[in-house]
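Input: a single structure, listed below in structure tokens.
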Amino acid sequence: MMDKEELLSMCKRRGFLWRSAEIYGGEAGFYDYGHLGAKLLDSWKQKWKDFFLGLDENYHMIYTNNIMPHRVMEASGHVDHFSDIMIRCERCDSYFRGDHLIEQETGENAEWMGKEDMKESIKELELSCPDCGGDFSEPEDFNMMFTVSLGPTGQKTGFLRPETAQGTYINFRREYRALRKQMPMGLATIGSAFRNEISPRQVVFRKREFLQAELQIFFVPGIHDEKFKKKYQEIEEMKVNIRREDWDETREVMLKEIDDIQPFYLYHLGKMYEFYTDIMKLSSKDIRFRELSDDEKAFYNKIHFDIEVNFDTLNGWKEVSGLHYRSDYDLRQHQENSNQSLSVSTDDGKKIPHVIELSFGIDRNLWSLLDKGYKDDDRTWLDLPKEITPRQVAVFPLVRKDGLPEKSREVFDKLRSDFRVTWEKSGSIGKRYARNDEVGTSYCITIDYDTLEDESVTIRDIETTEQIRVEIKELNDILKELIYGRKKFKDHMEQED
RNA sequence: GCGGCUGUGGUCUAGACUGGUUAGGACCCAAGCUUCCCAAGCUUGUAGCCCGGGUUCAAAUCCCGGCAGCCGCACCA
């Protein structure tokens with residue numbers, strides 16, 4: 001079993017990621033990406049955009065603000081629902097959620113209660129601390145959102161957004177017109193979100209500032225979703241690992257066997273799965289969809305599946321993304337609170353569009369690539385998808401003399417515009433291979449004495465450490481084929497024999 | 001946020017109980033030598049006691065406070 005600390009140590013040492021503000025002791029829940037982490041992040045984002053925006057011509061990127069006005073988060077329900085009323089034991093300082101304590105005692109839902117209701121209820125029920133029996137203090141607000149003050153007096157407040165989604169919803173009307181009222185309309189965004197987690201832990205898993213990639217798809221059920229029927233039929237026999245809410249195990253089923261969920265939703269479910277298997281190259285044994293129970297899912301989500309990855313470093317299955325049918329809840333809320341119409345005209349009259357949301361925690365997804373890719377058996381190497389890996393190619397001279405370094409610089413310069421590539425000469429050839437194995441460099445190009453004779457170089461494959469020899473003039477094309485094309489390294493080897 | 005444990009170069013660690021030479025080692029990294037393909041060798045070098053305060057002639061070591069990490073609890077609409 002792989003150790004989280006060992007992987008994190010590699011990440012720090014080689015430039016993937018580490019704690020923010022390290023030189024000041026750091027702060028829980030904040031991480032920065034170094035030069036390799038940043039490249040991994042950028043290429044992941046690019047692949048995500050290519051894949052999900054490619055699903056339909058009417059899916060587009062937008063970028064919205066990190067700071068949301070107070071009223072937006074009121075309308076979204078976050079001011080009420082994203083904050084909990086906590087009560088503290090005066091003797092042992094333990095915190096508890098007030099509504100949970102009351103629910104346990106009465107069996108009735110207490111989520112609606114304000115601070116005053118709760119105070120009375122606790123008095124009536126004569127509740128005391130479950131840990132030590134001590135008396136409770138006054139109920140206090142604990143909001144997971146960061147408040148920011150706006151303007152010179154600071155009396156106006158806003159919030160750092162706890163999800164990127166709201167920024168998209170409040171731009172719905174503008175984009176609907178700008179995109180000439182085509183539906184379904186997909187608005188994707190990539191950006192930061194902020195949650196004041198009580199106890200951020202597990203490396204990048206519970207960060208206070210984190211990255212999200214989300215695609216919000218707006219449609220009127222029964223009308224616009226019909227347009228995806230044909231697309232769905234093309235993938236309805238796709239098999240996915242899935243665990244329904246009332247199943248006690250994960251099963252591999254065909255999409256069309258899931259007959260109680262609309263095809264429009266299943267289409268995106270299938271495509272998400274495909275992103276994990278085909279783009280992120282995770283093994284299907286390590287991924288699954290899990291349907292959340294009514295207790296777990298938010299009240300406005302009619303259907304909610306999470307994609308979970310089976311992590312080695314984090315004790316098993318953990319959520320990395322979700323597919324939520326949020327119904328018309330969000331637009332309805334914003335319509336009511338802003339007093340602006342967010343409905344669209346259909347043959348059946350005015351309707352408020354519904355939303356299907358594809359939501360990805362980027363940091364978690366990157367960690368899943370590192371977690372599943374890190375191999376530490378007879379040698380240490382990082383098995384990353386060749387299109388996503390931060391360093392695709394490394395070039396070095398076999399030895400540091402007789403003009404080989406100079407020749408290798410030439411080859412390096414030839415590759416720079418086409419690949420994420422590095423050049424190095426320090427240490428021995430074996431050490432350079434090992435260094436590059438550790439950070440997931442897909443191919444190492446070595447310039448040797450034969451190169452000076454016949455303009456050929458060797459390409460070494462990270463997966464097998466085997467080599468092929470190719471001519472420099474074909475090098476760029478062959479590497480492109482290996483990285484982006486269908487041709488595999490072993491095809492080239494057979495060709496050589 | 002509570003409780004337990006922990007914090008020594010980039011990484012892993014010795015030293016702490018019993019305060020006392022210049023904080024030792026390994027790996028990594030860098031420069032050079034060597035080297036015709038998988039962490040070889042040699043030379044040199046960079047770099048550290050989490051932060052602050054206290055006790056003491058003297059603190060990495062003892063005490064107090066803070067910060068951070070790990071584990072457990074709680075929390076995670």
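Any value given below was found using the heavy atoms of this structure, including those in side chains, with hydrogens, waters and symmetry copies removed. Proteins come first, then strands; the chains are lettered A, B, ... in the order of their sequence lines, and each starts at number 1.
For the C1' atom pair drawn from B:A59 and B:G53, the interatomic distance equals 13 Å after rounding to whole Å. A gap of 10 Å separates the C1' atoms of B:C28 and B:C12, to the nearest Å. One P atom belongs to B:A16, the other to B:A60, and the distance between them is 14 Å to the nearest Å. Rounded to whole Å, the separation between the C1' atoms of B:G9 and B:G1 comes to 34 Å. Taking atom C1' on both nucleotides, B:C50 is separated from B:G10 by 16 Å, rounded to a whole Å. Comparing B:C27 with B:A40, their P atoms are spaced 11 Å from each other, to the whole Å. One P atom belongs to B:G20, the other to B:G66, and the distance between them is 28 Å to the nearest Å. Here, B:U11 and B:U21 have their C1' atoms 28 Å apart, quoted to the whole Å.
Atom OH in A:Tyr24 sits about 13 Å away from atom P in B:G52, given to the nearest Å. Rounded to whole angstrom, the span from the CG atom of A:Leu7 across to the P atom of B:C12 amounts to 13 Å. Distance CD1 (A:Ile23) to P (B:G10): 12 Å, rounded to an integer number of Å. For the pair A:Leu8 CG and B:C12 C1', the interatomic distance rounds to 14 Å; values are reported in whole Å. Look at CE on A:Met10: it is 14 Å from P on B:C12, rounded to the nearest Å. In this structure, A:Trp18 places its CH2 atom 11 Å from P of B:U11, rounding to the nearest Å. To the nearest angstrom, C1' of B:G69 lies 13 Å from CD of A:Glu27. The distance between atom CZ of A:Arg206 and atom P of B:A74, rounded to the nearest whole Å, is 13 Å.
Counting any heavy atom pair closer than 4.0 Å across all strands shown, A:Glu163 reaches a base atom.
Aromatic ring pairs are classed by plane angle as parallel below 30°, tilted from 30° to 60° and perpendicular above 60°; the pair A:Phe305 and A:Tyr265 is tilted.
Remark on RNA chain B: of its neighbouring residues A:Asn301 and A:Lys425, the 5'-side contact belongs to A:Lys425, judged by nearest-heavy-atom nucleotide. The 5' end of RNA chain B is approached more closely, in terms of each residue's nearest nucleotide, by A:Arg19 than by the other of A:Arg19 and A:Gly77.
Taking the centre and axis of the six-membered ring of A:Trp18, the NZ or CZ atom of A:Lys12 falls outside the cone set by 45° and 6.0 Å. A cation-pi geometry, defined here as NZ or CZ lying under 6.0 Å from the six-membered ring centre and within 45° of its normal, does not hold between A:Arg290 and A:Trp317. A:Arg460 forms a cation-pi arrangement with A:Tyr433, by the criterion of a distance under 6.0 Å to the ring centre and an angle within 45° of the ring axis. In this structure, A:Arg243 forms no cation-pi arrangement with A:Trp247, as its terminal cationic atom is not both closer than 6.0 Å to the ring centre and no more than 45° off the ring axis.
Across all strands shown, B:C17 forms no Watson-Crick or G-U wobble pair with both key distances under 3.5 Å. Pairing partner, B:G72: B:C2, with both Watson-Crick or wobble hydrogen-bond distances short of 3.5 Å. When both distances must be under 3.5 Å, the Watson-Crick or G-U wobble mate of B:U35 does not exist. Pairing partner, B:C67: B:G7, with both Watson-Crick or wobble hydrogen-bond distances short of 3.5 Å. Base pairing of B:C29: its partner is B:G45, meeting the Watson-Crick or G-U wobble criterion (both donor-acceptor distances under 3.5 Å).
Taking OG1 of A:Thr380 as the start and OH of A:Tyr374 as the end, the distance is 5.0 Å to the nearest 0.5 Å.
Salt bridge status for A:Lys386 with A:Glu463: present, with a side-chain N to carboxylate O gap under 4.0 Å. In this structure, A:Lys407 pairs ionically with A:Glu455, as a charged nitrogen and a carboxylate oxygen lie closer than 4.0 Å.
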Summarise protein proximity over nucleotides 34-42 of chain B in one line of letters, 5' to 3': B for base, S for sugar-phosphate only, - for none, counting protein heavy atoms closer than 4.0 Å.
BBBBBBS--
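Applying side-chain hydrogen bond (donor to acceptor under 3.5 Å, both in side chains) to A:Tyr325 and the options A:His354, A:Lys302, A:His268 leaves one that passes, A:His354.
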